[in-house]
Asks: 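Would you mind keeping the following structure in view while I ask a few things?
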2 protein chains.
Amino acid sequence: MSTVRGVRQPTIKEVASRAGVSPMTVSRTLAGGRNVRPDVQERVMAAVRELGYYRNENARSLRPGQPSGLIGVAITNLANPYYGNFALGVEEVAAEHGRRIILGNTGEDDARERQLVSDFIGRQVDGLILVPTSGDAAHLRPERLGEVPLVLASRRVPGLDADTVLLDDVGGAYRGTAALLDAGHTRIGFLGNRSSVFTGERRYRGYERAMTERGVPVDPAIVARDQQDVDAASRAARAMFDLADPPTAVFSANNRNTIGAMREIGRRLRDGVPGPRPAVVSFDDFELSELMPVPVTIIDHDARLLGREAATLLFSRLDGSAEGPARTVELPVSIESP
Amino acid sequence: MSTVRGVRQPTIKEVASRAGVSPMTVSRTLAGGRNVRPDVQERVMAAVRELGYYRNENARSLRPGQPSGLIGVAITNLANPYYGNFALGVEEVAAEHGRRIILGNTGEDDARERQLVSDFIGRQVDGLILVPTSGDAAHLRPERLGEVPLVLASRRVPGLDADTVLLDDVGGAYRGTAALLDAGHTRIGFLGNRSSVFTGERRYRGYERAMTERGVPVDPAIVARDQQDVDAASRAARAMFDLADPPTAVFSANNRNTIGAMREIGRRLRDGVPGPRPAVVSFDDFELSELMPVPVTIIDHDARLLGREAATLLFSRLDGSAEGPARTVELPVSIESP
DNA sequence: CCCGATGTTGGTAACGTTACCAACCGCGAG
DNA sequence: CTCGCGGTTGGTAACGTTACCAACATCGGG
């Protein structure tokens with residue numbers, strides 16, 4: 001940490017002496033003014049305005065039992081609009097409860113997550129909301145976190161029992177795949193994340209269940225499960241479509257894979273590559289999907305709502321309205337046919 | 001089996017007594033261990049691990065001159081990927097300097113911005129980074145902020161002299177419009193924000209300059225400057241294209257207007273509406289632009305870099321390497337023809 | 001063997017705030 | 001006129017931490 005010029009804000013004492021009262025009277029006035037004469041309150045508020053005084057929140061939260069008013073939020077990738085919306089939802093609910101959020105980006109890095117959580121605890125956060133990097137759970141155990149409540153979002157951590165907010169990944173993937181099967185497709189490819197990614201695994205399970213329930217075998221040749229970014233997804237789609245026996249439809253488990261697949265489909269059409277024009281089901285919405293050259297079904301959801309739900313769960317622990325074992329909220333997803 | 005209940009965070013005193021030393025020795029050990037015997041350090045670290053101790057950062061920053069390690073960041077709309085990337089850039093540089101960010105969303109609301117800034121100051125932030133809502137500047141004046149340095153991003157505040165990071169809005173819009181003129185277009189529409197939005201005004205100026213420099217008159221009938229969201233942009237594009245004398249090309253001043261225009265263009269093609277297929281220049285990139293049914297030129301830039309630049313400017317003030325009058329950094333934009 | 005230098009450790013005070021208690025005021029009831 | 005009560009105000013201590021200084025141990029050189 002680099003050196004910093006000292007930040008000299010006026011203190012409560014300076015306000016007090018300017019208003020001709022004691023610091024206690026200033027404190028009482030700022031706390032609502034109970035049992036302070038109206039004319040004294042006015043003098044105090046005038047001094048506050050004149051000096052540009054702000055209460056030192058860090059000093060306030062020093063006394064035990066006092067909340068810091070901060071919620072620690074760690075997400076995996078702020079550049080992804082999904083997590084931006086998620087963070088927005090958390091911020092909204094936090095603001096409704098008079099709290100601020102401290103935000104950290106983990107970049108899917110376990111070490112960074114541990115570092116962020118330590119720092120959040122050190123800053124006396126009132127609660128933690130985390131999109132876990134699915135590493136180990138040691139630093140998230142209650143004995144490490146003390147009394148700080150924790151809510152997991154989007155993913156679970158193996159072996160950790162905590163309040164969790166999830167999407168209906170399995171159900172959404174199941175219904176999306178079923179829609180393709182209902183439309184007569186039997187050769188349906190899968191594009192998604194590897195199984196160590198919690199949502200990747202769940203969405204694959206939904207796909208697999210729909211296929212096997214209808215007696216359609218899953219062909220590993222048209223299942224690609226290791227694409228994290230658009231370029232990798234594009235390459236995986238290309239390999240799949242280049243097969244002698246390419247899929248007639250594709251289930252894409254997330255936004256990144258859908259965009260990659262679309263790029264490859266667009267390229268083939270521009271270059272006049274022969275072959276089927278696959279139907280696509282995408283878990284995650286994307287803009288201008290209606291302008292795509294192939295029919296796209298969207299499994300849609302609201303990341304902002306997910307964030308709101310996570311924060312609501314957290315505050316229900318903070319205000320004591322919820323006690324007992326960890327709860328899981330699974331938000332529904334909607335399906336929009338082209 | 002009993003649930004592991006969270007416990008109060010241990011203090012430095014408890015660590016000290018467990019390690020059989022004084023709090024000062026614990027403090028010294030955690031501060032790097034200068035002048036502490038190695039075996040004592042080990043005892044202390046063992047106690048720290050056993051008790052799960054974290055330094056109380058709020059208490060640390062209580063002594064004057066000590067930085068809080070927090071940077072206050074207020075942006076207008078976290079749901080917009082542009083600002084998500086911006087926040088990511090700020091977070092990255094802050095993390096490189098061992099700082100965390102407190103994030104607030106203003107939603108373009110002046111009152112909310114004032115409230116956020118007050119709270120940030122009250123939390124003793126070491127610096128502020130703000131995408132201003134372009135309201136008045138009273139709460140951002142140095143006499144209100146004390147010694148807390150401020151960096152504005154994307155926009156200026158009228159009458160406020162502060163470090164600022166901008167895009168080359170005028171130049172980008174000029175070059176984008178010029179590209180259309182070079183391609184032979186003379187009837188070029190404009191879609192953008194109203195002039196009270198800082199970037200809206202600057203981008204219009206670039207468009208206007210390119211037009212007048214080449215002696216092409218600006219026709220108010222094909223200039224629409226009051227669309228904040230996709231639906232409004234779509235309606236404005238529709239009205240423009242429905243004219244007896246519609247534009248053959250469109251300059252769109254931001255992402256939201258581009259998406260709206262694209263929706264309308266796609267609708268007309270689907271519905272077989274007669275008329276020209278306008279070329280489009282878009283200030284802001286968007287995904288799958290290469291799949292659009294009309295040629296799209298992108299004026300691209302890197303919001304994450306903008307965030308990094310803003311944070312770099314802030315830290316140059318914090319570590320004293322930059323002094324003197326307010327500086328403005330204008331980041332270049334690139335043009336990608338279809 | 002002593003002395004100063006160096007390394008190690010602990011006590012005290014202070015950062016800004018507020019809970020708690022004590023002191024004081026004015027007013028109405030007895 | 002006194003007493004007591006409620007409303008108002010101020011003093012003190014404490015929250016967890018670290019800068020500063022004092023105290024003590026150890027060691028090498030004279």
Side-chain angles (χ1 to χ4, degrees), chain A residues 1 3-4 6-44 47-48 51-70 119 121-126 146-147, chain B residues 8-44 47-48 51-70 119 121-126 146:
Chain A
M1 205 174 342
T3 25
V4 173
V7 174
R8 212 165 25 110
Q9 296 284 335
T11 73
I12 200 171
K13 278 181 195 163
E14 295 170 276
V15 175
S17 78
R18 185 178 188 103
V21 298
S22 76
M24 266 316 299
T25 300
V26 178
S27 175
R28 264 189 284 257
T29 302
L30 291 169
R34 278 181 57 83
N35 291 351
V36 179
R37 281 214 323 267
D39 59 315
V40 176
Q41 290 196 39
E42 252 173 69
R43 275 216 317 282
V44 169
V48 165
L51 294 177
Y53 169 76
Y54 301 95
R55 278 197 295 205
N56 184 330
E57 295 293 333
N58 292 345
R60 292 189 74 202
S61 64
L62 202 55
R63 23 186 60 257
Q66 289 294 329
S68 67
L70 292 175
D119 187 273
I121 299 291
R123 291 184 190 284
Q124 314 300 114
V125 291
D126 300 333
E147 302 177 319
Chain B
R8 207 189 84 262
Q9 292 288 332
T11 74
I12 200 171
K13 279 181 195 163
E14 295 167 280
V15 175
S17 79
R18 185 178 187 104
V21 296
S22 76
M24 265 316 298
T25 300
V26 177
S27 177
R28 264 189 284 256
T29 302
L30 263 37
R34 277 181 59 81
N35 291 350
V36 179
R37 277 210 332 261
D39 59 314
V40 175
Q41 289 197 40
E42 250 173 71
R43 273 214 321 279
V44 169
V48 165
L51 294 176
Y53 168 77
Y54 300 96
R55 281 197 292 204
N56 184 330
E57 295 292 332
N58 291 347
R60 292 189 73 200
S61 65
L62 200 55
R63 17 187 63 255
Q66 289 293 331
S68 68
L70 292 175
D119 187 274
I121 299 289
R123 289 181 192 285
Q124 313 301 112
V125 291
D126 300 331

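FYI, side chains are in, hydrogens and waters are out, and symmetry mates aren't considered; it's all heavy atoms of this structure. Predicted, not measured: the structure shown is a model, and the values here were computed from it.
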Asks: Provide, to the nearest angstrom, the distance between the CZ atom belonging to A/Arg60 and the P atom belonging to D/dG16.
Replies: 17 Å
Asks: If I take atom CD from residue A/Glu147 and atom CG from residue A/Asp126, how far apart are they, to the nearest 0.5 angstrom?
Replies: 11.0 Å
Asks: How close or far is atom P of D/dC15 from atom CZ of A/Arg123, stated in whole angstroms?
Replies: 23 Å
Asks: Using atom CG of A/Leu30 as one end and atom P of C/dT18 as the other, report the distance to the nearest whole Å.
Replies: 7 Å
Asks: Need to verify one output field. Residue with the more 5' nearest nucleotide on DNA chain D, B/Val26 or A/Val36?
Replies: A/Val36
Asks: Which residue lies toward the 5' end of DNA chain D, A/Val21 or A/Leu62, if each is placed at its nearest nucleotide?
Replies: A/Val21
Asks: Specify the separation, in whole Å, of atom CD of B/Gln9 and atom C1' of D/dC15.
Replies: 15 Å
Asks: Donor-acceptor check, side chain of A/Thr29 to backbone of A/Val44, threshold 3.5 angstrom: yes or no?
Replies: no
Asks: Between B/Gln124 (CD) and C/dG16 (P), how many Å, whole number?
Replies: 9 Å
Asks: Check whether any side-chain nitrogen or oxygen of B/Ser61 sits under 4.0 Å from OP1 or OP2 of D/dT17, and answer yes or no.
Replies: no
Asks: Look at the side chain of A/Arg123 and the backbone N and O of B/Glu57, then say whether any donor-acceptor pair between them is shorter than 3.5 Å.
Replies: no
Asks: Between CD1 of B/Ile121 and CD of A/Gln9, what distance do you get to the nearest 0.5 Å?
Replies: 5.5 Å
Asks: It should be established whether B/Thr11 places a side-chain nitrogen or oxygen under 4.0 Å from OP1 or OP2 of nucleotide D/dC15.
Replies: no
Asks: So what does B/Asn35 touch, heavy atoms closer than 4.0 Å: a base, only the sugar-phosphate, or nothing?
Replies: base
Asks: Measure CZ/B/Arg28 against C1'/C/dG11 and give the value in whole Å, please.
Replies: 11 Å
Asks: Quick one: does B/Leu62's side chain get under 4.5 Å of B/Asn58's, heavy atoms only?
Replies: no
Asks: Give the rounded distance in Å between these two atoms: CD of A/Glu57 and P of C/dT18.
Replies: 9 Å
Asks: Looking only at side-chain atoms of A/Arg37, point me to the closest of C/dT9, D/dT8, C/dG16.
Replies: D/dT8
Asks: What's the closest nucleotide to the B/Ala59 side chain, out of C/dT17, C/dT9, D/dG16?
Replies: D/dG16
Asks: Rounding to a whole Å, what distance do you find between A/Gln66:CD and C/dC20:P?
Replies: 10 Å
Asks: Checking contacts here: which listed nucleotide (D/dC15, D/dT9, C/dT17) is nearest the side-chain heavy atoms of B/Lys13?
Replies: D/dC15
Asks: Of A/Tyr53 and B/Gly20, whose nearest nucleotide on DNA chain C comes first from the 5' end?
Replies: B/Gly20
